[in-house]
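What follows is a short report on a single structure.
Atoms within a ligand are numbered from 1 in the order they appear, just like the ligands themselves.
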Amino acid sequence: MTSSFHKYRFFIPLILTVFSCKNAIETKVDKEIIIEKKVDSLLKLMTLEEKIGQMSQVRHFWDISKNDVATKFIGSVIHTQGVNPGETAKEWQQKFIKLQKQALSTRLGIPLLFGVDAIHGQNTFNGATIFPHNIGLGATANAKLVEEAAAITAIEAQATGFNWVFSPCIAIPYNEKWGRVYEAFSESTELTSILTKASIKGHQGDLSDSKTVMATAKHFIGDGATEFGVEGGETSLSNNEINKRLMPPYKIAVNEKVGAVMASFNTLNRKPMHANKAYLTDTLKQKMKFDGIVVSDWKGYTKFGRNNIVNAGVDMIMAVDGDLDYFQSNLKKAVDSSYVSEVRINDAVKRILRQKFRLDLFKKPFPDSTLVSKIGSKAHRDIAKQAVRESLVLLKNANNALPLSKETKKIVVVGEHANSSGLQSGGWTINWQGTSENYKGATTILDGIKKLSKGNVVYDKDAKGNYFDADVAVIIVGETPYAEFFGDIGHESNTRKLTLTKEHQKYIKTYSEKGIKTIVVLISGRPLVVTKQIKKSDAFVAAWLPGSEGDGIAEVLFGDFNFSGKLPHSWPNVVNDFKGKYGPNFWDKSIKPLYPFGYGLKY
Ligand code: BGC
């Protein structure tokens, strides 16, 4: 007996694991069966008005008046920027608790989903931990880190009252002129797929935990592949190309049980994606078996075909900027006249209720007040700083110009981007289009250099200070913040170019021509054509849009950490390479980039 026990004792943990895995799987299956039953029985109780209400997403200020949530049976509330619901996170929570109570006071007491554009951290809240934008996370190629960043974003989003984020953007950018390149991880489908999985895992966990949120894979499909990089423009790719290059991250997202997919602003072969039944319903829902919510993008209902977008498969409508009443009455009319079937409405509502049950909102409708203390905590910022360090790509390092010695007698730090957490963070930071102001809790690149240097550090904002006795010039140049539309190169609203501004080119020239060792750090949401400036500098670093932990950059410049970032995009050589519909990498492989995808030096 004893001897046979000894013989088999090694198998016991294995058998237990098999059993517990099996149990876990069974419990998961059981849970899903129970949820489906609950969804079905709740749906049976609902009137058409209540169903259409569930399909409505509104802005909590501005779009609605006092009792709208209850009287119009609203399903979800969105926050992007603008009138702050309150100063502190507690006040934000209180505001949302009030709205949630309205929803719970209705006949069926269905809780609200609160969605937020937390694109790189809970960036709508002043004081949150803000991560490098996805292009920087792409440069880290570190899936574990991306998962951690997403989990922290989820906690800080929950702490400010949200249970849903409109992230990650899993586009494959075809043209650096697109103003949303930085929202995507990479031009590589493979890298994007790996990081998509990590991001969704980190945001969602098992969904029912009060520290996690529902994620959104966006924008389905072709957002980054429009001709000439125009936001919401025309994408003319073949189905083959879409399947090969754009679809794999969505497949991964659906496998990872992403809660929502957002329809894209672009047209696909002239048809608005919002009205593309073949992709939204036949491919995404039926073929790929996506059972979550297809949410429209901003004003998608009035912009892209009204009830046709519901028929195409959009389940929840961002009924903002005056769209709400029209959407609700017009959809009702369409159901009454059978233009939209009840079957379609039921499918949409089931998907919304399903996610609310998966999030356990019926039991836990309110945010957890104990999470407030985690917003912008040191532990969270440490991970963000690690992400900053790992996102930096060293493009040039002539004569080991870097790392800088901490004993360097005099360092001149040049450029307004060196001393502004707003400028270093890009769009979707505090405001939709970003800010040029410093924001709460963030550190700048200049802060970091001052902290680590043992010598004299002087700041020359516009390179007019003539600090020509400096041993080293660290010059920070780049793009000013932008988000969708306003960031497109070629868009009528701006004069953005694929090159640095004349002023920024001059900053570099001023110091390099005096023979001062010149280190350039580029802050940008995309690779820029900086071939000449790279030649003029001794070392050149692509730092993307690092977010709130700007001082992490100094830790690498001074050699406390080595560079590990690798280019998530191939780096262009000349502007003329972008004269076609797409970037050179996507239309003419014979055009050689200055640096290939995956390039990056080390000490
Ligand atoms: C953007 C989305 C965003 C939504 C809500 C749209 O204009 O395309 O990415 O989530 O607004 O703010």
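- Side chains of E234 and T267: a donor on one and an acceptor on the other come within 3.5 Å.
- Taking 4.0 Å as the cut-off between side-chain N and carboxylate O, E147 and K144 do not count as a salt-bridged pair.
- When only modelled atom types and interatomic distance are considered, D323 and T302 share a side-chain donor-acceptor pair under 3.5 Å.
- Annotation: ring-ring contact (aromatic ring centres under 6.0 Å, His included) contacts of Y174 (sequence neighbours excluded): Y582, F586.
- Remark: L545 pairs with H133, Y182, I523 by the side-chain contact (heavy atoms from CB on, under 4.5 Å) rule, at least two apart or across chains.
- Every residue was checked against the ring-ring contact (aromatic ring centres under 6.0 Å, His included) condition with H203, not counting sequence neighbours, and none meets it.
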For each nitrogen or oxygen atom of ligand 1, which protein N/O atoms lie closer than 3.5 Å, and how far apart are they, rounded to 0.1 Å?
{"unit_1": "ligand 1", "atom_1": "7 (O)", "unit_2": "E484", "atom_2": "OE1", "d": "2.8"}
{"unit_1": "ligand 1", "atom_1": "7 (O)", "unit_2": "E484", "atom_2": "OE2", "d": "2.8"}
{"unit_1": "ligand 1", "atom_1": "8 (O)", "unit_2": "R180", "atom_2": "NH1", "d": "2.8"}
{"unit_1": "ligand 1", "atom_1": "8 (O)", "unit_2": "D297", "atom_2": "OD1", "d": "3.4"}
{"unit_1": "ligand 1", "atom_1": "8 (O)", "unit_2": "D297", "atom_2": "OD2", "d": "2.5"}
{"unit_1": "ligand 1", "atom_1": "8 (O)", "unit_2": "E484", "atom_2": "OE1", "d": "3.0"}
{"unit_1": "ligand 1", "atom_1": "9 (O)", "unit_2": "R180", "atom_2": "NH2", "d": "2.8"}
{"unit_1": "ligand 1", "atom_1": "9 (O)", "unit_2": "K218", "atom_2": "NZ", "d": "2.8"}
{"unit_1": "ligand 1", "atom_1": "9 (O)", "unit_2": "H219", "atom_2": "NE2", "d": "2.7"}
{"unit_1": "ligand 1", "atom_1": "10 (O)", "unit_2": "D117", "atom_2": "OD1", "d": "2.6"}
{"unit_1": "ligand 1", "atom_1": "10 (O)", "unit_2": "K218", "atom_2": "NZ", "d": "3.1"}
{"unit_1": "ligand 1", "atom_1": "11 (O)", "unit_2": "D297", "atom_2": "OD1", "d": "3.3"}
{"unit_1": "ligand 1", "atom_1": "12 (O)", "unit_2": "D117", "atom_2": "OD2", "d": "2.4"}

